[in-house]
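Start at 1 with the first residue, then count along the sequence.
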Amino acid sequence: MRLGWCLFAAFALASCARPPVIAPHGVVSNNPCIDAVLAEIALPGQVSAVSIYSHDADSASAPLAWARQLPAMGMSAEELLLARPKLVLTGNLASSGANAVLARAGIKTIALGVAPTIADDVQQIRTIAAALDRTDAGEALISDILESLPSTQFSGPFVSAIIWQNGGFVAGKGTLQDELLARHGFRNASAQYGLSSWGVLPLETLMRNPPMVIFMPTNARDSDARETRARQELLSHLGGRTRIVDFPDRLLFCGGPTIIKVSAILKKTRASFGKDRP
């Protein structure tokens, strides 16, 4: 009985807990890709809130320990207005209506879309760094990103590959991920399935004509776990024709420091094929 009362009290306190207060007049972000850059270049206390996605291990691009020290920010204009920020950094997840409300309220807003190339991503980092008066830190991050890439254009035979995420989501031609594949010696197989920049590739289509490498999540939780296990079981029938390489969903959508993590996976995988093997 005593345990029951303790549990009841604990739940009551939890239900009454208020979300962390967002410090006013700071920089807030509601985009997980921007958060990842902020984690690398912002000074302590410079960021007042981050995207709610950055509090979730499955969607965070920024380090969780850093992000969870800060309040989480949603997408609505109401939340942004209540935060009373001096600067809002937002992206493609926010509605244009929310950005318009912020503009009418006189709140400075910088909106950054999905960078389709490494050069565009570098420019976005410089934009964020300039807004925070952290130009040197931004250039240091850019240097780390560029150093993670091959120093010369790949000239050997390309290995066919695809980045295939839960739900069959694929990054095709004209995306940052497509450029990263090419830089590391892979030919993006998305075109052979008739996909454009972004598309969905059914498992059946992939099984009929698989590439040499499939970059996909091999570990998942909750609703994605069953799908991931089923996909792996079916793909195991491809035998030695196709290699499955772990590539978590959270690596698909962002540039910035995520490029360093993606490059490490691509570099290691391509090296395993040797220089002359197609």
Could you measure the distance from the [atom1] atom of [X] to the [atom2] atom of [Y]? Nearest 0.5 Å is fine.
X	Y	atom1	atom2	answer
L146	I260	CG	CD1	9.5 Å
W164	F247	CH2	CZ	14.5 Å
F169	L195	CZ	CG	10.5 Å

Does any N or O in the side chain of [X] come within less than 3.5 Å of the main-chain N or O of [Y], such that one atom is a donor and the other an acceptor?
X	Y	result
Q165	D249	yes
D121	A115	no
R250	S61	no
S197	G174	no
T90	A111	no
S76	G74	no

Test F215 against T269 for side chain to side chain contact (heavy atoms under 4.5 Å, CB included), laying out the working first.
CA-CA 10 Å; F215 294 102; T269 305; 3.7 Å; yes

Within a strict 4.5 Å, meaning less than it, do heavy atoms of the [X] and [Y] side chains meet?
X	Y	value
D120	L176	no
Y193	L206	yes
E78	L81	no
P257	V37	yes
S148	I259	yes
I118	L180	yes
Q177	L251	no
I107	P85	yes

Shortest non-hydrogen contact from [X] to [Y]?
X	Y	value
L64	A57	CD1-CB, 3.5 Å
G256	I145	O-CD1, 3.4 Å
M73	A83	CE-CB, 3.7 Å
S59	P32	O-CB, 4.3 Å
N31	S51	N-CB, 3.5 Å
P71	I22	CB-CG1, 3.6 Å

Please evaluate residues D35 and Y53 with respect to the criterion side chain to side chain contact (heavy atoms under 4.5 Å, CB included), reporting the C-alpha separation (whole Å), side-chain torsions for both, the decisive distance (0.1 Å), and the verdict.
CA-CA 10 Å; D35 293 343; Y53 295 101; over 6 Å; no

Checking A77 now: which residues fulfil side chain to side chain contact (heavy atoms under 4.5 Å, CB included) with it, not counting sequence neighbours?
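Counting only residues at least two positions away or on another chain, A77 forms a side chain to side chain contact (heavy atoms under 4.5 Å, CB included) with A98, V101.
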
Could you check K86 against V27 for side chain to side chain contact (heavy atoms under 4.5 Å, CB included), going step by step and ending with a plain yes or no?
CA-CA 6 Å; K86 71 173 183 180; V27 175; 4.2 Å; yes

Are L82 and I52 joined in one hydrophobic group, where the rule is that I, L, V, M, F, W and Y side chains link up if heavy atoms are under 4.5 Å apart?
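Per the 4.5 Å side-chain linkage, L82 and I52 are not co-clustered.
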
Under 3.5 Å side-chain donor-acceptor pair for T175 and D178:
no

With a 3.5 Å cut-off and no angle check, do the side chains of S272 and R243 form a donor-acceptor pair?
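A donor-acceptor contact under 3.5 Å links the two side chains.
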
Identify whether the distance between the nearest side-chain nitrogen and carboxylate oxygen of R183 and E179 falls below 4.0 Å.
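Looking at E179 together with R183, the answer is yes, because their closest N to O distance falls below 4.0 Å.
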
Please lay out, stage by stage, how L149 and H184 fare under the test side chain to side chain contact (heavy atoms under 4.5 Å, CB included).
CA-CA 8 Å; L149 302 170; H184 287 276; 4.1 Å; yes

Could you label the plane-to-plane angle of the W198 and F253 rings as parallel, tilted or perpendicular, counting under 30° as parallel and over 60° as perpendicular?
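Parallel, since the angle between the ring planes stays under 30°.
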
Just distance, no hydrogens or angles: give the donor-acceptor pairs under 3.5 Å from side chains in residues 124-136, sequence neighbours left out.
unit_1 : atom_1 : unit_2 : atom_2 : d
Q124   : NE2    : G113   : O      : 3.0
R126   : NE     : E139   : OE2    : 2.7
R126   : NH2    : E139   : OE1    : 3.1
T127   : OG1    : Q123   : O      : 3.0
R134   : NE     : I41    : O      : 2.6
R134   : NH2    : I41    : O      : 3.2

